[in-house]
Amino acid sequence: MYLDIPECETWVWKEVGTSMNDYAYYSGRAHSPVNKYVASGSFLSGNNIVSCEELTNVGYIFQASLEELKIAGDMSNLSGVNHSILHGFNYSPENAIFPGWIKFGTYFSEHNTWWPYVHYWMDYKARLSALFQNSVLQADIAILPPFEDLWSRHGQQREPFPTLFQPDYTYNLCEALHQSGNGCDYISERIICEASIQKRKTNFWFPLL
């Protein structure tokens with residue numbers, strides 16, 4: 001909430017676009033739980049920029065299709081991202097043996113077979129970013145996860161790869177609400193203390209002034 005441009009991360013797994021598993025954060029997904037937390041913190045602090053290192057790819061390089069890139073990018077936007085930074089350019093010297101110095105990232109290169117068509121997807125993403133950055137997010141449901149209880153028992157975990165859940169649907173709840181047509185944000189006890197009530201409506205707004 002105190003960062004000028006908070007950033008999260010969206011991944012490309014080989015399972016992206018398949019059926020989602022209720023208790024595995026990556027099965028069928030591209031975004032990670034931290035994306036929604038970063039987006040909520042940014043919007044609640046009055047910052048309308050949510051950056052994302054998007055389409056990080058480990059172990060699936062040279063196999064991702066444009067369809068999977070679009071699915072992953074759409075999931076990223078649905079989690080609240082409105083400023084995507086593509087992760088995938090890899091520099092290699094000419095004398096490096098094939099495939100070159102490739103370690104992380106989707107293979108964005110003029111040597112990729114889908115390179116002539118990727119600009120259509122990039123134009124689409126740019127239009128979404130322009131629209132979302134100039135809109136005011138409306139979330140009608142606030143989620144207060146029991147992190148104080150969880151941390152008191154197990155300590156803090158490194159996001160976006162939590163191994164302990166309490167309750168077990170904590171990281172999937174926002175998806176269920178979105179799919180039901182609702183908007184939501186994760187909040188904290190501090191956010192509640194700073195909230196105001198106007199016309200019987202609770203306004204969670206945390207200006208950092």
Colleague: Determine whether P167 and T170 make a side-chain contact, defined as any pair of heavy atoms from C-beta on separated by less than 4.5 Å.
Modeller: yes

Colleague: Hey, quick one: are F108 and L66 part of the same hydrophobic cluster, counting side-chain heavy atoms closer than 4.5 Å, chains of contacts allowed?
Modeller: yes

Colleague: Which heavy atom of M1 sits nearest to which heavy atom of I191, and what is that distance?
Modeller: CE-CD1, 3.6 Å

Colleague: Are L128 and L78 grouped together when hydrophobic residues (ILVMFWY) are joined by side-chain heavy atoms under 4.5 angstrom apart?
Modeller: no

Colleague: If you look at every heavy atom in A72 and V16, which pair is closest and at what distance?
Modeller: N-CG1, 4.2 Å

Colleague: What pair of heavy atoms forms the shortest contact from S79 to A39, and how long is it?
Modeller: O-CB, 3.5 Å

Colleague: For H111, is there any backbone N or O sitting under 3.5 Å from a side-chain donor or acceptor partner on S109?
Modeller: yes

Colleague: Just how far is it from atom CD1 of I192 to atom CD of E189, taken to the nearest 0.5 Å?
Modeller: 6.5 Å

Colleague: Any donor and acceptor pair, going by atom type alone, linking the side chain of D185 with main-chain N or O of A139 inside 3.5 Å?
Modeller: no

Colleague: Between W114 and Y120 (judged by ring centroids, cut-off 6.0 Å), do the two rings come close enough to count as a pair?
Modeller: no

Colleague: Give a yes or no on whether the backbone of S65 and the side-chain of E68 come within a donor-acceptor separation of less than 3.5 Å.
Modeller: yes

Colleague: Show, in sequence, the C-alpha distance, side-chain angles and deciding distance for E175 and H31, and conclude whether the side chain to side chain donor-acceptor pair (under 3.5 Å) test is met.
Modeller: CA-CA 11 Å; E175 288 179 351; H31 62 93; 2.8 Å; yes

Colleague: Answer yes or no: is there a side-chain heavy-atom contact under 4.5 Å between N77 and F132?
Modeller: yes

Colleague: Any donor and acceptor pair, going by atom type alone, linking the side chain of N48 with main-chain N or O of Q133 inside 3.5 Å?
Modeller: yes

Colleague: If hydrophobic clusters are built by linking Ile, Leu, Val, Met, Phe, Trp and Tyr wherever their side-chain heavy atoms come under 4.5 Å apart, do L3 and I5 end up in the same one?
Modeller: no

Colleague: Determine the minimum heavy-atom distance between L86 and M122, stating which atoms define it.
Modeller: CD1-CE, 3.4 Å

Colleague: How are the rings of Y171 and Y37 set relative to one another: parallel (under 30°), tilted (30 to 60°) or perpendicular (over 60°)?
Modeller: perpendicular

Colleague: Is any side-chain heavy atom of S27 less than 4.5 Å from a side-chain heavy atom of M20?
Modeller: no

Colleague: Going hydrophobic residue to hydrophobic residue with side-chain gaps under 4.5 angstrom, can you get from L137 over to V81?
Modeller: yes

Colleague: Roughly how far, to the nearest 0.5 Å, is the OG atom of S42 from the NE2 atom of H83?
Modeller: 11.5 Å

Colleague: Using side-chain hydrogen bond (donor to acceptor under 3.5 Å, both in side chains) as the criterion, list what pairs up with D74, not counting sequence neighbours.
Modeller: K70, Y124

Colleague: Quick check: does any side chain N or O of Q138 sit under 3.5 Å from a backbone N or O of G183, one acting as donor and the other as acceptor?
Modeller: no

Colleague: Give me the atom names and distance for the closest heavy-atom approach of H178 to C184.
Modeller: NE2-SG, 3.6 Å

Colleague: Do any N or O atoms from the side chain of S135 and from the backbone of L131 form a donor-acceptor pair under 3.5 angstrom?
Modeller: yes

Colleague: Would the distance check show the side chain of N35 and the main-chain N or O of E9 forming a donor-acceptor pair, the cut-off being under 3.5 Å?
Modeller: yes

Colleague: Under 3.5 Å, is there a donor-acceptor pair between the side chain of T10 and the main chain of L55?
Modeller: no

Colleague: Do S40 and I187 touch side chain to side chain, with heavy atoms closer than 4.5 Å?
Modeller: no

Colleague: Would you say D4 has more than 12 foreign heavy atoms packed within less than 6.0 Å of its CG?
Modeller: no

Colleague: For R29, is there an ion pair with E15 - N to carboxylate O distance below 4.0 angstrom?
Modeller: no

Colleague: Check whether any side-chain N or O of K14 sits under 3.5 Å from a backbone N or O of Q63 as a donor-acceptor pair, and report yes or no.
Modeller: no

Colleague: Using modelled atom types and a 3.5 Å cut-off, is there a donor and acceptor pairing between side-chain atoms of N47 and backbone atoms of F43?
Modeller: no

Colleague: Quick check on the hydrophobic clustering: are I85 and V50 connected, directly or via other members, by side-chain heavy-atom contacts under 4.5 Å?
Modeller: no

Colleague: Can you give me the closest heavy-atom contact between Y2 and R190, atom names plus distance?
Modeller: OH-NH1, 2.7 Å

